[in-house]
Amino acid sequence: MATKGTQILTLTGLRFDANLGILEQEKTAPQPIQVDAELNLGTQPLLPRDDDITHVLDYRKVRRIIIDECTAEHVNLLESLIGKLASRLMQLPGVLGVRVKIAKLEIFDDCEVAIRVETGQWS
């Protein structure tokens, strides 16, 4: 019987406004973005050693970091923002790999624009 497995913490569809972009309207007002993130926590016991939140990566903390990193200051490039966010998430204890996608939801009328970054271990 299996006692361990690879654990991936996932946040999907996190929407909020961020100061991002090079266009005039982007510099004067925040715009809605959506962030999806996956954090590879590697091999973990199928059951935590106890039922205590302090012994696992608290997804509330991950959500707060995503929002804080993306709203800290105006950033011109989506590439800069996603790089900062991926680096910050990789610093969390136990995180072996990060996949993150940031989408600008209203930059065009006919599509969303997004960048996805994968870093760390994903084997």
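Being a predicted model, the structure only gives us computed values, none of them experimental.
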* To do: Report the C-alpha separation of V98 and N40 in whole Å, then their side-chain angles, then the decisive distance to 0.1 Å, and conclude whether the side-chain contact (heavy atoms from CB on, under 4.5 Å) test is met.
  => CA-CA 6 Å; V98 168; N40 179 9; over 6 Å; no

* Which is it for L9 and V95 under the side-chain contact (heavy atoms from CB on, under 4.5 Å) test, yes or no, and what are the steps along the way? -> CA-CA 9 Å; L9 188 152; V95 173; over 6 Å; no

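With contacts defined as side-chain heavy-atom distances shorter than 4.5 Å, the pair R63/I66 does not qualify. Counting only heavy atoms from C-beta outward, the side chains of Q34 and I102 never approach each other to under 4.5 Å. Proximity of N76 to H74: side-chain heavy atoms (C-beta onward) are separated by under 4.5 Å at one or more points. Here the side chains of F16 and P32 are not in contact, with every heavy-atom distance at 4.5 Å or above.
Under the 4.5 Å side-chain heavy-atom criterion for Ile, Leu, Val, Met, Phe, Trp and Tyr, I67 and V117 are members of the same hydrophobic cluster. There is no path of hydrophobic side-chain contacts, each under 4.5 Å, that joins L96 to L92. I107 and I82 end up in different hydrophobic clusters when Ile, Leu, Val, Met, Phe, Trp and Tyr side chains are linked at under 4.5 Å. Residue M90 is grouped with residue Y59 when hydrophobic side chains (ILVMFWY) are merged at heavy-atom distances under 4.5 angstrom, including chains of intermediate members. Hydrophobic clustering, with ILVMFWY side chains joined whenever heavy atoms are under 4.5 angstrom apart, keeps L77 apart from I33.
Other residues, nucleotides and ligands contribute at most 12 non-hydrogen atoms within 6.0 Å of the CD1 atom of I22. Environment of CG in D51: sparse, with no more than 12 heavy atoms of neighbouring residues, nucleotides or ligands closer than 6.0 Å. Counting non-hydrogen atoms of neighbouring residues, nucleotides and ligands closer than 6.0 angstrom, the CG atom of D110 exceeds 12 such neighbours. Crowding of L47 atom CG: a count of heavy atoms from other residues, nucleotides or ligands under 6.0 Å not exceeding 12.
L39 contributes atom CG, which lies 8.0 Å from atom CG of L11 (distance to the nearest 0.5 angstrom). The line from NZ of K84 to CG of L89 is 12.5 Å long, rounded to the nearest 0.5 Å. Note that CG of L41 is 11.5 Å distant from CD of Q121, once rounded to the nearest 0.5 Å. Rounding to the nearest 0.5 angstrom, the gap separating the CG atom in L20 from the CD atom in E73 is 11.5 Å. A distance of 4.5 Å separates CD in Q31 from CD in E26, rounded to the nearest 0.5 Å. From T3, atom OG1 reaches atom CD of Q44 across 12.0 Å, with rounding to the nearest 0.5 Å.
The nearest pair of heavy atoms linking D36 to G13 is OD1-N, 2.6 Å. When all heavy atoms are compared, the tightest approach of G5 to L46 is N-CD2, 3.9 Å. Summarising the geometry of L85 relative to C70, their closest heavy-atom pair is CD2-SG, 4.0 Å, with the distance given to 0.1 Å. Closest approach of I8 to W122, counting heavy atoms only: CD1-CZ3, 3.6 Å. Across every non-hydrogen atom of A86 and V100, the tightest pair is CB-CG1, 4.1 Å.
K101 meets the salt bridge (charged side-chain N to carboxylate O under 4.0 Å, His left out) test with E112; sequence neighbours excluded.
Cluster note: I53 groups with V56 through ILVMFWY side-chain heavy atoms spaced under 4.5 Å, whether in direct contact or through intervening members.
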